[in-house]
Structures are given as C-alpha cells and as structure tokens.
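Here's the structure, in structure tokens; my notes come after.
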Amino acid sequence: MNVLKRCIYGISIISIASMNVQCKGDKKVEETTTEAKATEVVTIEKSAYGTTPKGEKIDSYKLKNQKGMEVDIITYGGIISSLKVPNKAGKSEEVVIGFNSLDQYMKANPYFGALIGRYGNRIAKGKFTLDGKQYSLAINNDPNALHGGPEGFHRVVWTAEEAKGGDSASLKLKYVSKDMEEGYPGNLTVFVTYTLNNDNSLDVLYEATTDKKTVVNLTQHSYFNLSSDFSKPILDHEITIDADKLVPVDATLIPTGELTDVTNTPFDFRKAKAVGAAIGAKDDQLKKGLGYDHCWVLNNQDKGYRFAASAYDAGSGRLLEVYTDQPGIQFYSGNFLDGTLPMRNGGTYAHRTGFCLETQHYPDSPNQKDFPSTILNPGENYKTKTSFKFSVK
Ligand code: GLA
C-alpha cells in the first residue's frame with residue numbers, strides 16, 4: 001500500500017484525530033496497529049502509571065468498547081482507577097471514586113476501587129483455626145481483621161496479561177501470596193480477570209489455588225456514584241437487593257451468627273428503594289453500621305451465577321446491575337467517607353458520596369460453623385464470577 005492509500009484506509013476506519021499519527025511515523029508498524037484496531041471491538045491500551053518507592057513500575061490499562069464504556073485498571077492493588085459509562089443522553093462520564101496519582105493510592109484510603117483478599121470483610125479478633133491450628137492476623141479494624149490485612153491484595157503489585165478477541169477484551173492479573181503472608185497459611189496463586197464486553201458489562205473472574213489449607217474470600221471494592229457528581233451523596237440512588245435475609249452484626253460489625261428476615265426493616269431492598277429512604281431510621285443494625293454496612297444473604301444460591309443487586313440514578317438514567325455466584329453481598333453506603341480524601345479535580349469525597357456492592361461470602365465465615373465454607377484445600381480451584389452491567393432507563 002502506498003502512503004496515500006494507507007492514509008485513506010486509515011481515515012475510513014479510525015478517527016481523524018489519530019490519522020496524523022497513522023500517516024507520519026514508521027509505516028509497517030502503523031499499518032498493523034491500524035488493521036488490528038479495525039477488527040477489535042474492545043481495545044486495551046497500556047501506559048506507565050508510576051513507580052513505587054521500592055522501584056516497582058506500575059502500569060495502567062485502559063479497556064474501551066464501542067458503546068462508550070471505558071475502564072482503567074492499575075497493576076497496584078488491581079485497582080479500577082476510572083470507569084466511564086454513558087448516561088441517558090449518551091454522555092460517558094466517571095462513575096467511580098478514585099484518585100489521579102499512584103502516590104495518593106499508596107497513602108491510607110478505604111480500599112478505593114481495589115481488589116480485596118485474601119479474606120474480604122472481617123474476621124473476629126483476627127483469629128481463626130484450621131485443623132486445630134490457630135492463625136493470628138493483624139488487627140487493622142480494632143478489634144478485628146479487615147480486608148486481608150494492612151498489606152492485603154489492595155496494596156500489592158499484580159502482573160498483567162492482555163487478551164483480546166470477539167466482543168470483549170480482558171486483563172488477567174496475577175499475584176502469588178506467600179505462605180503466612182499477612183498471617184494466612186499456604187502459598188496462594190491468585191488470578192483476577194477483568195473482562196470488558198461490548199454490551200457495557202464488566203466481568204470480574206476470581207481464581208485461586210493453594211498448597212496448604214487456607215481461607216479465601218475475594219472481592220472488588222469500587223465505590224460507585226452513578227450521577228457522576230461526586231460532590232453529591234448517593235442517597236437518591238435506588239437500590240434493589242435480591243435477598244430475603246440479612247447477616248446481622250454486633251457492635252464491631254462481626255456477625256452474630258443468625259440470619260434474619262428483612263421484612264419490615266430498613267434492610268428490605270427486594271423492591272427498589274432509595275438509599276436515603278430509611279437510612280436514618282431508628283434501627284439497631286443501622287446504628288451499628290452507621291448506616292448500611294452489612295452483608296445480605298442472596299436468594300437463589302442453588303442457581304449459582306444470577307442477579308444479585310442493582311442501583312439506579314434517575315437523574316443520569318444510569319442503571320447498574322450486579323450478577324454473581326457468591327452467597328452474599330456487602331452493601332456499604334460510604335459511611336466512613338469524611339471529606340478528607342481528594343477528588344480527582346479538586347474538592348474532597350464527603351460522607352456517602354459513593355457506595356459499594358461487594359459480592360462475597362459472609363463476614364467471619366472461618367469462625368461461623370453454620371455459614372457456607374470459605375476453606376480452600378490444595379487441589380481445589382477457587383473460581384467465582386461477578387459482573388457489573390451498565391445500561392440506561
Ligand atoms: C468495607 C467494610 C466497611 C469499611 C469499608 C472501607 O465495606 O465493611 O466497614 O471498612 O470497607 O472503609
């Protein structure tokens with residue numbers, strides 16, 4: 001192909017903005033890139049994000065589809081640092097809380113966008129026993145252990161592999177958690193694959209294997225604000241949770257061991273209800289959680305992967321539906337956000353300006369004999385999938 005033809009070909013399949021690049025530099029390389037892009041429905045672009053004080057290079061991957069959805073994932077903590085989806089007018093805007101630098105992500109923050117492990121949620125007093133042996137974890141949420149420990153999966157560097165094809169593109173992250181790292185037994189090899197599809201859904205596939213009996217409960221800790229206006233609390237968002245029961249907690253947010261009926265309580269989200277509708281109600285559980293910070297017992301556990309919860313913001317028209325094969329979902333209404341952490345473009349994240357829908361096993365399962373087991377044995381495959389599906393209505 002001569003230069004002119006190549007340029008015309010370029011114009012027909014890519015935007016004018018990128019045309020200059022196509023017509024200027026090395027010809028061979030560009031042609032390949034251009035042709036590859038033309039057949040790719042969902043693209044991935046890698047860029048350097050920063051360097052940790054230890055000298056580890058952190059990359060950022062942008063997955064972008066043709067329906068206006070874009071997801072940025074960094075190899076530090078497997079963090080979703082940005083997620084843009086269209087509103088009802090077709091305008092793509094940011095819908096997750098995040099920072100704009102590695103430095104900020106490395107400072108203390110409440111798990112913004114991060115992968116959580118080895119055990120998401122709380123373990124009472126940081127202790128559990130396997131085969132008669134007691135294990136002790138750091139107490140990082142006095143008096144309990146929370147979210148895998150102070151140096152949990154949200155603060156480690158993952159390696160990344162890209163995969164493209166069909167109507168989707170994936171980023172497969174890998175991390176090997178060493179035997180006794182953060183107090184957990186067994187070398188645990190973990191893969192988390194983020195897949196962006198062209199129907200505006202983001203799948204998160206979690207896989208793990210161990211060489212010693214251990215406990216595993218992985219989740220994703222994105223804070224959503226579907227209005228894209230992070231100066232506004234999420235109290236208007238309408239939530240549904242397909243759960244007849246709740247996992248009630250004590251004053252330290254550890255399950256009491258019962259599973260209680262949500263009927264006639266502020267925890268009944270079987271029909272869509274605004275977050276703010278009952279969050280101020282006089283209720284012992286709301287008092288303990290300082291709002292919603294609870295695990296719901298999802299219905300239809302025998303069905304495996306199924307609808308779990310949704311959130312809708314009428315102003316933007318954005319609807320988020322969460323599907324999972326997990327038994328529970330932690331709905332957290334951002335009660336600890338306190339206006340101290342910086343927004344991307346000025347201002348700070350105030351009380352309840354984002355909510356989390358963390359699919360998982362129930363908290364403290366290693367110490368609760370009646371809860372579904374979170375034990376992983378050598379030779380077993382931990383494999384679970386959650387999807388975040390976006391649309392407008
Ligand atoms: C989880 C917990 C909350 C809180 C947040 C982070 O959702 O359940 O209590 O710790 O993480 O602040």
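Read the numbers this way: they start at 1 and go in the same order the structure lists the ligands and their atoms.
Within 6.0 Å of atom NZ in K245, 12 or fewer heavy atoms from other residues, nucleotides or ligands are found, so the atom counts as exposed in its surroundings. Atom NZ of K125 is surrounded by 12 or fewer heavy atoms from other residues, nucleotides or ligands within 6.0 Å.
In the hydrophobic clustering, where aliphatic and aromatic side chains (Ile, Leu, Val, Met, Phe, Trp, Tyr) are joined below 4.5 Å either directly or transitively, Y305 groups with F307, Y323.
In terms of protein heavy atoms, atom 10 (O) of ligand 1 is closest to L146 CD2, 3.3 Å. Atom 7 (O) of ligand 1 has E358 OE2, 2.7 Å as its closest protein atom, hydrogens excluded (heavy atom only). Considering only non-hydrogen protein atoms, atom 11 (O) of ligand 1 sits nearest to H221 NE2, 2.8 Å.
Among L337, L290, D293, the residue whose heavy atom sits closest to atom 8 (O) of ligand 1 is D293. Among F331, F112, Y292, Y223, the residue whose heavy atom lies nearest to atom 6 (C) of ligand 1 is Y223. Of the candidates R122, H147, Q330, it is H147 that places a heavy atom closest to atom 1 (C) of ligand 1.
With sequence neighbours excluded, the residues that form a salt bridge (charged side-chain N to carboxylate O under 4.0 Å, His left out) with D244 are R270.
With respect to the salt-bridge test (charged N to carboxylate O, under 4.0 angstrom), the residues K288 and D284 qualify. A salt bridge is absent between R122 and D364; no separation between the charged side-chain nitrogens and carboxylate oxygens falls under 4.0 Å.
Listed by number with element, the atoms of ligand 1 under 4.0 Å from a non-hydrogen atom of P110 are 6 (C), 12 (O). The atoms of ligand 1 that sit less than 4.0 Å from any heavy atom of F336 are 4 (C), 9 (O), 12 (O).
An N or O contact shorter than 3.5 Å is missing between N141 and ligand 1 by distance.
A donor-acceptor pair is defined here as one N or O able to donate and one able to accept, closer than 3.5 Å; no such pair exists between the side chain of E161 and the backbone of A163.
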